[in-house]
Amino acid sequence: MNATDLSCPLPLTETTRVLLGHGSGGRLSADLVRRVFLPRFTNAYLDRLDDQAVVEIGGQRLAFTTDSFVVRPLFFPGGDIGTLAVNGTVNDLAMAGARPLYLSAGFILEEGLPLDDLARIVDSMRAACLEAGVLLVTGDTKVVNKGSGDQCFINTAGIGVVEHPWVLSADRARPGDRVILSGTIGDHGMAVMSCREGLEFETEIESDTAPLHGLVAAMLDGISEIRCLRDPTRGGLAATLNELAVTSGVGIEIEEPRIPVKPGVQAACELLGLDPLYVANEGKLVAIVGDSAADAVLERMRRHRLGAEASMIGVVTEKHPKMVVMATGVGGTRVVDLHSGEILPRIC
């Protein structure tokens, strides 16, 4: 046996092979993008590293995105891979302030998948499309030999129209801006994990998967001081804040008591030894907003059903650039770093 035969949970940033951690949304994911993809495809759109590209065609700004979904199990409390595929794609468009219009879907199916399960997934996608007001207009299906896949993977693409005049991007945070979170964190990740591990709690934990473009439209209406929007999916809130701090070259300070976590999610995280900051979400957003508009944006969010528990959790600072620092509930401070390795594999 040699070293490459061993399974090691520690990060191997100089590895010559793809690791599970490269899909985690953390340090290894960022390293993979910067080492392999950016140098080969570099252009003004891709280099922004936003959740979508905003391009102009015939005088109209369009948002374009793609995503893939490999969640296991396929069905979990609050949703399934179908709802996740639609809402996740819609939300990537929404983070540019776009109104989602059209989706595509490519299905990679494993031989032996029950047709009833596939129909259930497709029915969920149809319902999610109707809720979001989008059309699935093209698609593809491939089947692989039994044992060569894991039941069902879905790849999507989405197009939306950007009807506001502002630029929302990860490089626009400025010292003094406020950090607003739209609601509780960790719901989706712990719903999937509790189902996967067969854990039962007094209160069932459900995924927060939901389309966020309506909330975003309410936030943006007439307000020009929203700098950036992000949905904290893989890698959770911690990864999202670190991406923003690094891309904008600023520091971010957050307050732990202001970050809402449901008691059941907190209990599940403690049982599994996880930090909710690093657990995936599928129906939440983080907004970086100019100080003078922050209260108005927060009020609008709280009037929307998907922002009822919104909280102003921190501030952008010129101190400790490219770092996220949290004031803890016991009066201390700690650095919130990007995680290394894989914490919750195949969570979306």
Side-chain angles (χ1 to χ4, degrees), residues 25 50-55 60-71 74 76 78-107 121-140 152-164 166 168-170 181-183 185 187-189 191-192 206-221 226 228-234 240 280-287 300-301 304-308 310 347-348:
D50 287 326
D51 291 335
Q52 70 302 113
V54 175
V55 299
Q60 176 65 63
R61 289 202 299 160
L62 299 175
F64 176 50
T65 192
T66 186
D67 210 339
S68 298
F69 300 87
V70 297
V71 66
L74 297 178
F76 46 83
D80 58 40
I81 192 172
T83 53
L84 208 60
V86 172
N87 290 339
T89 310
V90 164
N91 290 345
D92 281 349
L93 296 172
M95 295 307 103
R99 177 166 58 90
L101 297 174
Y102 305 111
L103 305 183
S104 73
F107 294 83
I121 291 166
V122 174
D123 284 343
S124 292
M125 294 183 74
R126 178 179 181 274
C129 285
L130 288 172
E131 180 182 0
V134 298
L135 294 177
L136 200 159
V137 295
T138 187
D140 184 51
C152 176
F153 298 153
I154 301 176
N155 172 263
T156 60
I159 295 175
V161 60
V162 180
E163 297 168 314
H164 62 80
W166 305 298
L168 308 179
S169 188
L181 175 65
S182 67
I185 62 170
D187 298 4
H188 172 72
V192 173
E206 292 191 349
S207 171
D208 59 346
T209 178
L212 294 170
H213 57 297
L215 173 61
V216 171
M219 295 166 62
L220 284 172
D221 187 18
I226 296 179
C228 177
L229 299 172
R230 272 288 206 273
D231 55 334
T233 53
R234 289 179 305 162
T240 295
N281 313 273
E282 289 292 341
K284 302 299 187 303
L285 65 80
V286 175
R300 290 185 181 190
M301 294 173 73
H304 193 283
R305 68 179 183 85
L306 295 178
I347 211 71
C348 59

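Between N87 atom CG and C348 atom SG the span is 12.5 Å, to the nearest 0.5 Å. A distance of 4.5 Å separates SG in C152 from CD1 in I81, rounded to the nearest 0.5 Å. T83 contributes atom OG1, which lies 5.0 Å from atom CZ of F76 (distance to the nearest 0.5 angstrom). Atom CD of E206 sits about 9.5 Å away from atom CG of D187, to the nearest 0.5 Å. Atom CG in L285 sits 8.0 Å away from atom CG in L181 (nearest 0.5 Å). Annotation: the span from S104 atom OG to N155 atom CG amounts to 6.5 Å, rounded to 0.5 Å.
Residues L212 and N91 come closest through the heavy atom pair N-OD1, 2.7 Å. Minimum interatomic distance between P100 and L93 (heavy atoms only, all atoms of both residues): CB-CD1, 3.9 Å. Closest approach of L229 to A287, counting heavy atoms only: CD2-CB, 3.6 Å. Considering every non-hydrogen atom in both L215 and S182, the closest pair reads CD2-CB, 4.1 Å. The heavy-atom pair separating T240 from P232 by the smallest distance is OG1-CA, 3.1 Å. Pairing each heavy atom of E282 with each of D208, the nearest pair is N-OD1, 2.9 Å.
Side-chain contact between L135 and L103 is absent, with no heavy atoms from C-beta onward closer than 4.5 Å. Within the 4.5 Å cutoff, no side-chain heavy atoms of T66 are placed close to those of D92. Residues V161 and L101 meet the side-chain proximity criterion, which asks for heavy atoms closer than 4.5 Å. The shortest distance between side-chain heavy atoms of R126 and V86 does not fall below 4.5 Å.
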Report task. Please lay out, stage by stage, how V134 and V90 fare under the test side-chain contact (heavy atoms from CB on, under 4.5 Å). Result -> CA-CA 8 Å; V134 298; V90 164; 4.2 Å; yes
Report task. Determine, step by step, whether T233 and N281 satisfy the side-chain contact (heavy atoms from CB on, under 4.5 Å) criterion, reporting the C-alpha distance in whole Å, the side-chain angles of both residues, the deciding distance to 0.1 Å, and the verdict. Result -> CA-CA 5 Å; T233 53; N281 313 273; 5.9 Å; no
Report task. Go through the steps for D231 and K284 under the test salt bridge (charged side-chain N to carboxylate O under 4.0 Å, His left out), then give the verdict. Result -> CA-CA 6 Å; D231 55 334; K284 302 299 187 303; over 6 Å; no
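When V216, D50, L168 are each tested for a side chain to side chain contact (heavy atoms under 4.5 Å, CB included) with M95, only one passes: V216.
Under the 3.5 Å distance criterion, the side-chain polar atoms of H164 are matched with a main-chain donor or acceptor of A96. Not a single donor-acceptor pair under 3.5 Å links the side chain of T156 to the backbone N or O of A105. Checked by atom type and distance alone, the side chain of H213 never pairs as donor or acceptor with a backbone atom of G133 at under 3.5 Å. Side-chain N or O atoms of R99 include none that pairs as donor or acceptor with a backbone N or O of G160 at under 3.5 Å. A side-chain donor-acceptor contact under 3.5 Å links T89 to the backbone of A85.
For the residue pair S124 and D80, a side-chain donor N or O sits within less than 3.5 Å of a side-chain acceptor on the partner.
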